[in-house]
Amino acid sequence: MHIMHIFLWLLIMLISGCERKADPPNQSPIEIKQSVPKTHLEIKQAAPKTHMISRACPDSIPILMYHSVGRSQPGALFVPPMVFRKQMEHLKNTGYNTITFKDLMNWKENGSIPDKAIMITFDDGYLDNFTVAYPILKKLQMKATIFATSDYIGSPHHLNWSQIKEMEQSGFIEIGGHTRHHVELTKSNRLQLVDEVWGAKQRLEKELGHPIIAFAYPSGKFNPNAIQVVKDAGFEFAVTTKPGYAVKEQGFLTLHRIRIPGEQPMAAFIRKFP
């Protein structure tokens with residue numbers, strides 16, 4: 001009988017030991033909480049926030065910055081034509097609505113703008129903006145703004161007045177100012193600032209016959225003096241090369257933009273603008 005008790009005691013200990021080995025390791029209260037399956041609502045709330053544009057009057061607007069479209073060697077300023085076409089097709093197919101700075105006046109005055117609004121801009125006024133980018137935009141019925149360096153218009157590899165007028169008359173292209181000679185405004189004195197900013201605006205308006213309301217700082221460089229001259233010249237908007245979405249708090253004369261480099265993979269472009 002004594003032997004039977006010992007046998008039963010050993011059997012119980014063996015079973016208990018197996019059960020203890022099967023138990024999960026000790027967890028802290030935080031780890032236990034994290035291991036509890038989440039509801040659909042909790043998963044949705046925990047998901048990382050992405051900057052989507054789906055409201056009729058968004059707080060922020062992506063302003064895309066391009067330069068040349070047509071160079072064979074992609075780089076910071078050159079986007080290959082096929083890449084540009086695929087990017088525009090993606091924006092069109094995913095419901096983005098391209099607007100110009102004339103349309104942006106509604107945003108400035110707290111009015112409504114199209115759902116999922118986006119802006120396409122080109123700096124400098126290269127010839128391939130007309131020969132390559134414009135046909136793609138026109139075919140897709142998309143708008144863009146070209147910031148032309150006024151005194152380079154008609155020079156080699158740049159737009160001429162006839163091309164600019166043709167694009168404007170189509171309704172898809174808006175022209176903005178980019179100084180007379182693409183000088184660095186932060187290194188210019190007051191007289192040079194006025195000549196470059198006011199001079200460019202006056203020449204563009206004289207040739208095109210309407211107000212020019214948007215300006216792009218050459219190389220994105222600006223300071224309080226440059227901003228004041230741009231304001232005094234009568235520009236409603238000015239854009240920089242500071243990265244990010246344009247928001248009103250930046251000031252309408254220092255709006256940010258999103259540079260689109262030529263070597264950027266299409267997958268990265270799609271992630272930025274889903």
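When a residue number appears, it is its place in the shown sequence, counting from 1.
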Going through the checks in order, is the side chain to side chain contact (heavy atoms under 4.5 Å, CB included) test met by Thr179 and Tyr217?
CA-CA 8 Å; Thr179 71; Tyr217 298 98; over 6 Å; no

Do Trp107 and Asp59 have side chains that get closer than 4.5 Å, going by heavy atoms?
no

When you measure from the side chain of His178 to the backbone N and O of Ala216, does any donor-acceptor pair fall under 3.5 Å?
yes

Atom OG1 of Thr145 and atom CD1 of Ile175: how far apart are they, to the nearest 0.5 Å?
8.0 Å

Euclidean distance, Ile63 CD1 relative to Ile258 CD1, rounded to 0.5 Å
8.5 Å

So for atom NZ, which belongs to Lys165, do other residues, nucleotides or ligands contribute more than 12 heavy atoms lying within a distance under 6.0 Å?
yes

Can you check whether Phe130 reaches Met167 side chain to side chain, under 4.5 Å on heavy atoms?
yes

Would you call Lys221-Glu184 a salt bridge at under 4.0 Å N-O?
yes

Check the pair Phe222 / Val239 against side chain to side chain contact (heavy atoms under 4.5 Å, CB included), numbers first and verdict last.
CA-CA 10 Å; Phe222 62 94; Val239 293; over 6 Å; no

Keeping Glu205 on the side-chain end and Pro211 on the backbone end, is there a donor-acceptor pair under 3.5 Å?
no

Would you mind reporting whether Thr94 and Pro274 have side-chain heavy atoms less than 4.5 Å apart?
no

What about the rings of Phe237 and Phe235, do their centers lie closer together than 6.0 Å?
no

Go through the side-chain N and O atoms of Asn110 and Lys248 and say whether any donor and acceptor fall under 3.5 Å apart.
yes

Would you please indicate yes or no on a ring centroid separation below 6.0 angstrom for Tyr126 and Phe122?
no

Any Ile212 side-chain heavy atom under 4.5 Å of Phe101 side chain
no

Could you tell me whether the side chain of Ile118 reaches within less than 4.5 Å of the side chain of Leu64, counting heavy atoms only?
yes

Hey, is the main chain of Ser162 close enough, under 3.5 Å, to the side chain of Asn160 for a donor-acceptor pair?
yes

Please check if the side chain of Gln228 supplies one atom and the backbone of Asn225 the other of a donor-acceptor pair under 3.5 Å.
no

Please say yes or no: joined through hydrophobic side-chain contacts below 4.5 Å, possibly via intermediate residues, are Ile146 and Tyr152 part of one cluster?
no

Provide the closest heavy-atom pair for Ser68 versus Asn129 in the form atom of the first, atom of the second, distance.
CA-ND2, 4.5 Å

Has the side chain of Gln250 got a donor or acceptor atom that lies under 3.5 Å from a matching backbone atom of Tyr245?
yes

I'd like to know if Val69 and Leu127 are part of one continuous hydrophobic network [Ile/Leu/Val/Met/Phe/Trp/Tyr, side-chain heavy atoms within less than 4.5 Å].
no

How long is the straight-line distance from CZ of Phe147 back to CG of Asp123, given to the nearest 0.5 Å?
6.5 Å

Which pair of non-hydrogen atoms, one from Gly251 and one from Leu255, has the smallest distance, and what is that distance?
O-CD2, 3.4 Å

Any Arg190 side-chain heavy atom under 4.5 Å of Asp195 side chain:
no

Say you draw a straight line from CD1 of Ile136 to CE of Met142; how long is it, rounded to the nearest 0.5 Å?
10.5 Å

Examine distances only and state if a side-chain atom of Asn189 and a backbone atom of Gln192 form a donor-acceptor pair shorter than 3.5 Å.
yes

Under the side chain to side chain contact (heavy atoms under 4.5 Å, CB included) rule, what do His181 and Glu196 come out as? Steps first, then yes or no, please.
CA-CA 7 Å; His181 305 99; Glu196 288 291 335; 2.8 Å; yes

Nearest heavy-atom approach of Tyr134 to Ser170 is OH-CB, 3.1 Å

Side chain to side chain donor-acceptor pair (under 3.5 Å) between Lys272 and Gln264: does it pass, once the steps are laid out?
CA-CA 11 Å; Lys272 286 182 180 179; Gln264 178 178 257; 2.8 Å; yes

Non-hydrogen atoms of Phe215 and Pro218 that approach each other most closely
CZ-CD, 4.3 Å

Provide the closest heavy-atom pair for Met119 versus Ile61 in the form atom of the first, atom of the second, distance.
CG-CG2, 4.2 Å

Would you say Lys116's side chain and Gly95's backbone share a donor-acceptor pair under 3.5 angstrom?
no

Which distance, rounded to the nearest 0.5 Å, do you find between the CE of Met65 and the CZ of Arg259?
3.5 Å

Output the distance between atom OG1 (Thr149) and atom CG (Leu204), rounded to the nearest 0.5 Å.
9.5 Å

Kindly say whether Thr240 contributes a backbone atom to a donor-acceptor pair with the side chain of Arg257 at under 3.5 angstrom?
yes

Decide, yes or no, whether a salt bridge links Lys143 with Asp103 under the criterion of side-chain N to carboxylate O below 4.0 Å.
yes

Please check if the number of heavy atoms outside Lys108 that lie under 6.0 Å from its NZ is greater than 12.
yes

Minimum side-chain heavy-atom gap Pro114-Ile99 below 4.5 Å:
yes

Taking all atoms of both residues into account, what is the closest heavy-atom pair of Pro80 and Gly262, and its distance?
CD-O, 3.9 Å

Are any of the side-chain heavy atoms of Val197 and Leu185 separated by less than 4.5 Å?
yes

Between Asn223 and Thr186, is there a side-chain donor-acceptor contact under 3.5 Å, judged purely by atom types and distance?
no

Inspect the contact between Glu174 and Lys102 and indicate whether a charged nitrogen and a carboxylate oxygen are less than 4.0 angstrom apart.
no

Can a donor-acceptor pair be found, under 3.5 Å and without considering hydrogens, that links the side chain of His158 to the backbone of Pro156?
yes

Quick one: do Leu91 and Phe269 satisfy side chain to side chain contact (heavy atoms under 4.5 Å, CB included)? Show the steps, please.
CA-CA 10 Å; Leu91 295 177; Phe269 184 88; 4.0 Å; yes

Asn97 side chain to Asp115 backbone, donor-acceptor under 3.5 Å:
yes

